[in-house]
Novice: 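I'd like to ask some things about the structure below.
Chain identifiers are assigned alphabetically (A, B, ...) following the order of the sequence lines, protein sequences preceding nucleic acid strands; residue numbering begins at 1 within each chain.
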Number of protein chains: 2
Amino acid sequence: MTERISDAEHAVMEVLWKRAPLTATEVADRVADEKDWSLQTVKTLLSRLAAKAVVGTERDGRRFLYSPLVERDAYLTGVSRNFVDRLFGGKVMPLVAHLAEADELSAEDIREIEELLRELKK
Amino acid sequence: MTERISDAEHAVMEVLWKRAPLTATEVADRVADEKDWSLQTVKTLLSRLAAKAVVGTERDGRRFLYSPLVERDAYLTGVSRNFVDRLFGGKVMPLVAHLAEADELSAEDIREIEELLRELKK
DNA sequence: CGTCAGTGACTACACCTGTAGTTTAATCGA
DNA sequence: TCGATTAAACTACAGGTGTAGTCACTGACG
């Protein structure tokens, strides 16, 4: 069971998944594109992530370099799994069906998914 | 924007979506199949849901009857939307692709989804 | 009529989250 | 060398969440 990552923490992780290692200041700069957070806020989030061993720290003189310890893919698999389990009884079909019925799927989406499934069957 | 429903509250909602109206005790009994919560806990959750106007209350003598005010379908659409937006940039394909790659889709799942999509295109 | 079981209302409380401010220690530039 | 800068560490604090406990009332039962 991978440690829980909160929404705010997730935004920080996205930055680190894109590029790492980074210093706290660098992370804050990049996160600033999305969120209007102070440097301190980002540092707090990094500390919490480090405390949970979701990011690793490496000393670089007076500062730290932060890197993800959890892979984005593994994380996404975990949360998706959890999501589908909790809300759709663990079955992906009802989820897709639901999105379809709610008109959340474009013709484009449908085409892409079909293609993907065709690939999978090989 | 529908009011936020927490995880614990969601378990209570599932019971009410299955059958309503119910008294607090009845809800607690049914929830007990899933969660090991005391009656008081369930009552607290019902109060919070009522305060958020996610369930409605109807007086029945000395007790209340609780019913959902939000439809399950609408709720699922909302959270699914939100989930896909936050984690997969709003595209459903990457989510399905991800679950597929992570071997979370059985051959059976694939067949069902294909069938569903075929239906959709009509 | 008095007691008790059931019910909603109110209170509790620790932990998580979002969002920082403050303190302290190290470093770099003049 | 000394002050200005910068970074990490520690502290803060309100609101949400999980998980109840307690209180006060009321109707049913003996």
Novice: Identify whether any heavy atom of Ser6(B) sits under 4.0 Å from a base atom; if not, whether one sits that close to sugar-phosphate; answer base, sugar-phosphate or nothing.
Specialist: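 Since only primed, P, OP1 and OP2 atoms lie under 4.0 Å of Ser6(B), the category is sugar-phosphate.
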Novice: Whole Å only: how far is the CG atom of Leu45(B) from the P atom of dT19(D)?
Specialist: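 Distance check: Leu45(B) CG to dT19(D) P gives 9 Å.
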Novice: Can you tell which of dT27(C), dT19(C), dA9(C) lies closest to the side chain of Thr41(A)?
Specialist: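 Given the options dT27(C), dT19(C), dA9(C), the side chain of Thr41(A) is closest to dT19(C).
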Novice: Would you mind classifying the nucleic acid contact of Thr25(B) as base, sugar-phosphate or nothing, using non-hydrogen atoms under 4.0 angstrom?
Specialist: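 Sugar-phosphate, backbone atoms only, no base.
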Novice: What is the distance, to the nearest angstrom, from the NZ atom on Lys35(B) to the P atom on dT17(D)?
Specialist: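 Rounded to whole Å, this separation is 15 Å.
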Novice: Side chain of Arg63(A): nearest nucleotide among dA8(D), dG8(C), dA20(C)?
Specialist: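 When the side chain of Arg63(A) is considered, dA8(D) is the closest of dA8(D), dG8(C), dA20(C).
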Novice: Once you round to the nearest 0.5 Å, how far does OG of Ser67(A) lie from CH2 of Trp17(A)?
Specialist: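 So the OG of Ser67(A) and the CH2 of Trp17(A) are separated by 13.5 Å.
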Novice: Out of dT7(C), dA20(D), dT17(D), which nucleotide sits closest to the side chain of Lys43(B)?
Specialist: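 The listed nucleotide nearest to Lys43(B)'s side chain is dT7(C).
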Novice: Does the pair Arg72(B) and Glu14(B) meet the rule for a salt bridge (Lys or Arg N to Asp or Glu O under 4.0 Å), with working shown?
Specialist: CA-CA 8 Å; Arg72(B) 182 163 196 272; Glu14(B) 285 295 344; 3.0 Å; yes
Novice: Between Asp109(A) and Ser106(A) (side chain of the first, backbone of the second, donor and acceptor by atom type, cut-off under 3.5 Å), is there such a pair?
Specialist: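 Yes; at least one donor-acceptor contact below 3.5 Å.
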Novice: Quick one: Trp37(B) CH2 to dG21(D) C1', roughly how many Å, whole number?
Specialist: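 Taking CH2 of Trp37(B) and C1' of dG21(D), I get 18 Å after rounding.
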Novice: Leu46(A) CG to dT19(C) P: how many Å, rounded?
Specialist: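 Rounded to the whole Å, the gap is 15 Å.
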Novice: Looking at dG8(C), dG18(C), dA8(D), which one has an atom nearest to any side-chain atom of Phe64(A)?
Specialist: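 Closest nucleotide among those given: dA8(D).
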Novice: Report the distance from atom CG of Asp29(A) to atom P of dT6(D), rounded to the nearest whole Å.
Specialist: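 Roughly 12 Å, once rounded to whole Å.
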Novice: Which comes earlier along DNA chain D counting from the 5' end, the contact point of Arg48(B) or that of Gln40(B), where each point is its nearest nucleotide?
Specialist: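 On the 5' side of the pair lies Arg48(B).
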Novice: Assign each of Ala8(A) and Arg62(A) to its nearest nucleotide of DNA chain C by heavy atoms, then name whichever residue's nucleotide is nearer the 5' end.
Specialist: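 With Ala8(A) and Arg62(A) compared, the 5'-side residue is Ala8(A).
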Novice: His10(A) has an atom NE2; how far is it from atom C1' of dC16(C), in whole Å?
Specialist: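 One finds 18 Å between C1' of dC16(C) and NE2 of His10(A), rounded.
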Novice: dG18(D), dA20(D), dT17(C): which one has an atom nearest the side-chain heavy atoms of Thr44(B)?
Specialist: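 Per side-chain heavy atoms of Thr44(B), the pick is dA20(D).
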Novice: Please give, in whole Å, the distance from dT19(D) P to Glu9(B) CD?
Specialist: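 It works out to 12 Å between those atoms.
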Novice: Return the value, rounded to whole Å, for the distance between atom CZ of Arg59(B) and atom P of dC25(D).
Specialist: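 For the pair Arg59(B) CZ and dC25(D) P, the rounded distance is 14 Å.
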Novice: Determine, for Arg111(A) against Glu108(A), whether the closest basic-nitrogen to carboxylate-oxygen distance falls under 4.0 angstrom.
Specialist: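 Yes, this pair counts.
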Novice: Mind checking if Asp36(A) touches a base, just sugar-phosphate, or nothing, with heavy atoms under 4.0 Å?
Specialist: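 Counting heavy atoms under 4.0 Å across all strands, the contact made by Asp36(A) is with sugar-phosphate only.
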Novice: Is the shortest side-chain N/O distance from Arg4(B) to OP1 or OP2 of dT17(D) below 4.0 Å?
Specialist: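 Looking at the OP1 and OP2 atoms of dT17(D), one of them is under 4.0 Å from a side-chain N or O of Arg4(B).
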Novice: Testing Lys35(A), Lys52(A), Arg4(A) one by one against Glu9(A) for a salt bridge (Lys or Arg N to Asp or Glu O under 4.0 Å), which residue passes?
Specialist: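 Result: among Lys35(A), Lys52(A), Arg4(A), Lys52(A) is the only option passing the salt bridge (Lys or Arg N to Asp or Glu O under 4.0 Å) with Glu9(A).
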